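Counting begins at 1 with the first residue of the sequence. A quick note: this is a predicted structure, and the numbers were derived from the prediction, not measured.
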Amino acid sequence: MARVTLQQYCGEARQLIDSGAYDQVVAICRHILKRYPKHMETYRLLGEACLEKGELEEAADVFKRLLSADPENFVAHAGIGVAYEKTGVLDEAVWHMERALELTPNSDDTRDALRRLYTKRDGTEPPRIKLNKAALARMYAKGSQHRQGFGRDPGRRQQADEA
């Protein structure tokens with residue numbers, strides 16, 4: 001009997017999600033979780049499969065478990081946001097999608113989803129989606145905008161040094 005690694009199992013589950021075989025993904029993930037009940041990637045795959053199958057309550061539950069282990073998991077926040085949107089719980093959907101945007105502030109897809117949620121909830125489309133302090137801090141900390149935040153332009157300094 002050939003041995004299959006956990007990584008291979010998860011890779012197979014990812015391919016099955018891409019091909020739309022969600023029932024098989026659920027079966028594989030449940031099998032993995034019997035042996036490895038704390039494997040976070042498996043919970044993520046299970047949540048995605050449940051969401052795609054339309055099992056929204058199950059998907060939200062799986063993603064909440066994932067968040068209990070990793071509160072900064074983008075997929076879990078976005079997944080819960082989608083599940084709540086589909087069930088009409090818009091305030092919760094907005095809250096989770098805002099957390100997802102905090103984690104990936106440059107994501108146009110997340111901004112579009114949040115814009116859609118605000119429109120559904122409030123009845124009007126916001127002119128733009130503003131980043132909150134947590135999202136801005138994350139951007140600065142990751143370095144994508146930190147130099148602008150301090151008013152420096154490293155290129156200008158280098159040009160001045162060379163002149």
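- Between Ala13 and Ile28 the shortest heavy-atom distance is CB-CG2, 4.4 Å.
- With sequence neighbours excluded, no residue forms a side chain to side chain donor-acceptor pair (under 3.5 Å) with Glu57.
- In this structure, the side chain of Ser107 engages the main chain of Thr110 through a donor-acceptor pair within 3.5 Å.
- By the 4.5 Å heavy-atom criterion applied to side chains, Val94 and Lys120 are not counted as neighbours.
- The side chain to side chain contact (heavy atoms under 4.5 Å, CB included) test with Ile80 is passed by exactly one of Val89, Leu67, Val75: Leu67.
- In terms of heavy atoms, Cys29 sits closest to Thr42 at O-CG2, 3.5 Å.
- Residues Leu117 and Arg121 form no side-chain contact, since every pair of their non-hydrogen atoms from C-beta on lies 4.5 Å or further apart.
- Annotation for Met40 and Ala69: closest pair SD-CB, 3.7 Å, computed over non-hydrogen atoms.
- Considering all non-hydrogen atoms of both residues, Gly47 and Val62 come closest at N-CG1, 3.5 Å.
- Taking hydrophobic clusters as Ile, Leu, Val, Met, Phe, Trp and Tyr residues chained together by side-chain heavy-atom distances below 4.5 Å, Met97 shares a cluster with Leu90.
- The ring-ring contact (aromatic ring centres under 6.0 Å, His included) pairs that include a residue from residues 3-59 are Tyr9-His31, where partners are two or more places apart or lie in different chains.
- Annotation: side-chain contact (heavy atoms from CB on, under 4.5 Å) contacts of Ala60 (sequence neighbours excluded): Ala83.
- In plain terms, the two heavy atoms of Ile32 and Cys10 that are nearest each other are CD1-SG, 4.4 Å.
- In plain terms, the two heavy atoms of Thr87 and Leu56 that are nearest each other are CG2-CD1, 3.6 Å.
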Q: Decide salt bridge (Lys or Arg N to Asp or Glu O under 4.0 Å) for Glu58 and Lys64; before the verdict, give the C-alpha distance in whole Å, the side-chain angles of both, and the deciding distance to 0.1 Å.
A: CA-CA 10 Å; Glu58 176 73 15; Lys64 285 177 185 177; over 6 Å; no
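- Remark: Pro126 engages Arg115, Tyr118, Thr119, Ile129 in a side-chain contact (heavy atoms from CB on, under 4.5 Å) (not counting sequence neighbours).
- Just one residue in the list Arg99, His96, Glu102 forms a side chain to side chain donor-acceptor pair (under 3.5 Å) with His77, and that residue is His96.
- Put simply, the side chain of Asp70 gets close to the backbone of Glu72: a donor and an acceptor are under 3.5 Å apart.
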Q.
Would Val25 and Leu46 count as a side-chain contact (heavy atoms from CB on, under 4.5 Å) here? Give the steps.
A. CA-CA 7 Å; Val25 175; Leu46 179 59; over 6 Å; no
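- The side-chain contact (heavy atoms from CB on, under 4.5 Å) test applied to Arg14 returns Ile17, Asp18, Arg44, Leu45, Glu48, not counting sequence neighbours.
- Of the charged side-chain nitrogens involved, none lies within less than 4.0 Å of a carboxylate oxygen, so that Asp112 and Arg116 do not count as a salt-bridged pair.
- Both Leu101 and Phe74 are members of a single hydrophobic cluster when ILVMFWY side chains are connected at heavy-atom separations under 4.5 Å.
- Listed by chain and number, the residues in a side-chain contact (heavy atoms from CB on, under 4.5 Å) with Ser68 amount to none (sequence neighbours excluded).
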